[in-house]
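Structure first, then comments.
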There are 2 protein chains.
Amino acid sequence: MVRSEARTRKSEETRERLLDAAAKVFRDKGYAGARLCDIAERAGMHTPGVYYYFPSKEELVEEVLRVGVARTRGYVQERVAGLAESASALDRLRAAIEGHVLMVLEIGDYTSANIRIFGQVPDDVRARHLGDQRAYGGVWRALLEDARAGGEIRSDLDLGVIRMLILGALNWTAEWYRPGPQTATEVAREATAMICDGLGVR
Amino acid sequence: MVRSEARTRKSEETRERLLDAAAKVFRDKGYAGARLCDIAERAGMHTPGVYYYFPSKEELVEEVLRVGVARTRGYVQERVAGLAESASALDRLRAAIEGHVLMVLEIGDYTSANIRIFGQVPDDVRARHLGDQRAYGGVWRALLEDARAGGEIRSDLDLGVIRMLILGALNWTAEWYRPGPQTATEVAREATAMICDGLGVR
DNA sequence: GTCTATACACGGATAGAC
DNA sequence: GTCTATCCGTGTATAGAC
């Protein structure tokens with residue numbers, strides 16, 4: 001019993017190493033450009049070893065996508081929930097923006113992988129993943145609608161479009177940000193400033 | 001002389017058909033996912049025909065990238081230049097936002113292709129293309145700095161980061177927008193509203 | 001200029017030993 | 001569980017006819 005548990009744990013760890021490696025390689029090379037041998041090597045094994053854990057490249061990428069949204073949603077919700085009761089709806093939106101940026105730039109290889117490869121995976125994989133994606137979109141929809149209901153944001157905006165513009169600004173950071181000139185927190189600060197308050201002088 | 005000119009013109013047209021096809025296929029499938037046979041078929045020829053016009057897949061994608069930024073920059077600058085003399089720096093920024101969005105969503109297959117595949121092409125192709133990309137970035141840098149110099153936008157922002165956040169919000173529309181609920185012009189309007197004025201009530 | 005035929009390399013996936 | 005060996009489909013690229 002103990003032995004088999006230990007074995008299971010080791011297997012669990014290897015599977016995770018493999019997923020971690022897959023997230024990084026998919027993010028860097030894209031779906032079609034990522035080779036299973038690159039992923040295997042990064043996880044310290046050879047190509048066929050992958051097939052002990054996942055039946056195909058498609059199922060591997062699917063799991064990366066799934067973990068990506070799940071962790072992102074969890075982290076963003078946690079940050080929003082961690083605010084004081086007195087926080088305004090706009091403050092909650094700011095917290096979500098900051099959380100999402102930190103996941104993309106610092107914490108989440110799975111998050112950045114998800115962002116970069118979602119548009120490249122085979123149609124059936126993307127179709128199966130759409131539900132998870134929409135659930136995360138729902139978090140943002142609620143934040144925006146709360147803010148509008150509370151009169152904290154303008155009433156003349158199409159919140160569906162605004163939601164995608166916000167996520168676009170944040171997701172695109174995965175394409176250009178390199179640590180150095182600015183920290184991820186600074187990028188998040190610029191984002192909340194522009195999105196909530198605009199560039200124009202007040 | 002006439003004969004050879006006619007031949008050259010036809011060749012020129014075929015080359016353009018091929019590039020048009022390449023832009024669409026690269027945009028839809030990504031760089032690695034795009035097959036030369038897909039591109040050739042869409043252009044009404046067979047795979048080897050491609051090699052009469054381009055020596056390799058890399059040089060083909062390079063040309064698509066080049067045309068993409070060139071046209072985008074041209075169109076955006078044209079729109080900005082078309083404004084009345086009395087236009088403010090913020091109005092000029094709004095015109096650039098609208099122009100860029102229209103290129104991504106309606107006019108420019110090469111623009112959307114560029115956006116979606118730039119991060120996927122082989123390193124040497126991307127390196128050769130960086131100069132063009134930066135030149136277009138310069139257009140936006142100038143617009144933002146003019147606005148700041150004129151006191152039309154807040155002085156506490158990092159314009160380098162802001163520039164990338166703006167382009168991110170606009171570029172990401174290529175990932176989610178489908179004609180239907182909103183027109184491209186409406187998306188552009190939401191973008192200018194959020195970016196220049198912010199979500200918060202004034 | 002564009003075709004058919006084909007060389008050639010590569011990457012996903014399987015077989016079977018250990 | 002992970003290895004070596006290998007199959008096989010696919011995609012870039014070339015040869016050479018028309």
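Treat the numbers as computed from the prediction; the structure is a model and nothing was measured. Proteins come first, then strands; the chains are lettered A, B, ... in the order of their sequence lines, and each starts at number 1.
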For residues 66-82 of chain B, dump all side-chain donor-acceptor pairs below 3.5 Å to protein atoms at least two apart in sequence or in another chain.
{"residue": "B/R66", "atom": "NE", "partner": "B/E63", "partner atom": "OE1", "Å": "3.1"}
{"residue": "B/R66", "atom": "NH2", "partner": "B/E63", "partner atom": "OE1", "Å": "2.8"}
{"residue": "B/T72", "atom": "OG1", "partner": "B/G68", "partner atom": "O", "Å": "2.6"}
{"residue": "B/T72", "atom": "OG1", "partner": "B/T111", "partner atom": "OG1", "Å": "2.8"}
{"residue": "B/Y75", "atom": "OH", "partner": "B/R79", "partner atom": "NE", "Å": "3.1"}
{"residue": "B/R79", "atom": "NH1", "partner": "B/E98", "partner atom": "OE2", "Å": "3.0"}

Do any side-chain atoms of residues 152-159 of chain A form donor-acceptor pairs under 3.5 angstrom with protein atoms, and if so which ones, sequence neighbours left out?
{"residue": "A/E152", "atom": "OE1", "partner": "A/S88", "partner atom": "OG", "Å": "3.4"}
{"residue": "A/E152", "atom": "OE1", "partner": "A/A89", "partner atom": "N", "Å": "3.2"}
{"residue": "A/E152", "atom": "OE1", "partner": "A/L90", "partner atom": "N", "Å": "2.9"}
{"residue": "A/E152", "atom": "OE2", "partner": "A/A89", "partner atom": "N", "Å": "3.1"}
{"residue": "A/R154", "atom": "NE", "partner": "A/D156", "partner atom": "OD1", "Å": "3.3"}
{"residue": "A/R154", "atom": "NH1", "partner": "B/A193", "partner atom": "O", "Å": "3.4"}
{"residue": "A/R154", "atom": "NH1", "partner": "B/G198", "partner atom": "O", "Å": "3.1"}
{"residue": "A/R154", "atom": "NH2", "partner": "A/D156", "partner atom": "OD2", "Å": "3.0"}
{"residue": "A/D156", "atom": "OD2", "partner": "B/R189", "partner atom": "NH2", "Å": "3.4"}
{"residue": "A/D158", "atom": "OD1", "partner": "A/G160", "partner atom": "N", "Å": "3.0"}
{"residue": "A/D158", "atom": "OD1", "partner": "A/V161", "partner atom": "N", "Å": "3.3"}
{"residue": "A/D158", "atom": "OD2", "partner": "B/Q182", "partner atom": "NE2", "Å": "3.3"}

Can you list, pair by pair, the side-chain donor-acceptor contacts under 3.5 Å of residues 117-125 of chain B, counting residues two or more places apart and other chains?
{"residue": "B/Q120", "atom": "OE1", "partner": "B/Y31", "partner atom": "N", "Å": "2.9"}
{"residue": "B/Q120", "atom": "NE2", "partner": "B/R116", "partner atom": "O", "Å": "2.9"}
{"residue": "B/D123", "atom": "OD1", "partner": "B/R126", "partner atom": "NH2", "Å": "2.7"}

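At least one donor-acceptor pair closer than 3.5 Å links the side chain of A/S112 to the backbone N or O of A/G108.
Heavy-atom distances under 4.0 Å link DNA chain D to no residue of residues 57-67 of chain A. Contact check of residues 18-34 of chain B against DNA chain C (heavy atom, cut-off under 4.0 Å) returns no residues at all. Contacts between residues 41-52 of chain A and DNA chain D, counted as heavy-atom distances below 4.0 Å, involve A/M45, A/H46, A/P48, A/Y52.
In this structure, B/R94 pairs ionically with B/D91, as a charged nitrogen and a carboxylate oxygen lie closer than 4.0 Å.
Here the side chain of B/Y53 is nearest to one of C/dT2, C/dG12, D/dG1, namely C/dT2. The A/K10 side chain lies nearest to D/dT2 when the options are D/dT2, C/dG1, D/dA13.
The interatomic distance linking A/F54 (CZ) with C/dT14 (C1') rounds to 19 Å, in whole Å. Following rounding to the nearest Å, B/I39 (CD1) and D/dG11 (C1') show an atom-to-atom distance of 12 Å.
The nearest pair of heavy atoms linking B/T173 to B/V104 is OG1-CG1, 3.6 Å. Closest heavy-atom contact between A/A23 and A/A113: O-CB, 3.4 Å. Between B/S11 and B/Y52, the shortest heavy-atom contact is OG-CE2, 4.5 Å.
Phosphate contact (OP1/OP2 of C/dG12, side-chain N/O of A/S56, threshold under 4.0 Å): absent.
Within a 6.0 Å sphere centred on CD of B/E186, heavy atoms belonging to other residues, nucleotides or ligands number more than 12.
A salt bridge (Lys or Arg N to Asp or Glu O under 4.0 Å) with B/D38 is found for exactly one of B/K29, B/R27, B/K57, namely B/K29.
Taking the six-membered ring where tryptophan is involved, the planes of B/W172 and A/W172 are perpendicular, since the angle between them exceeds 60° and thus also 30°.
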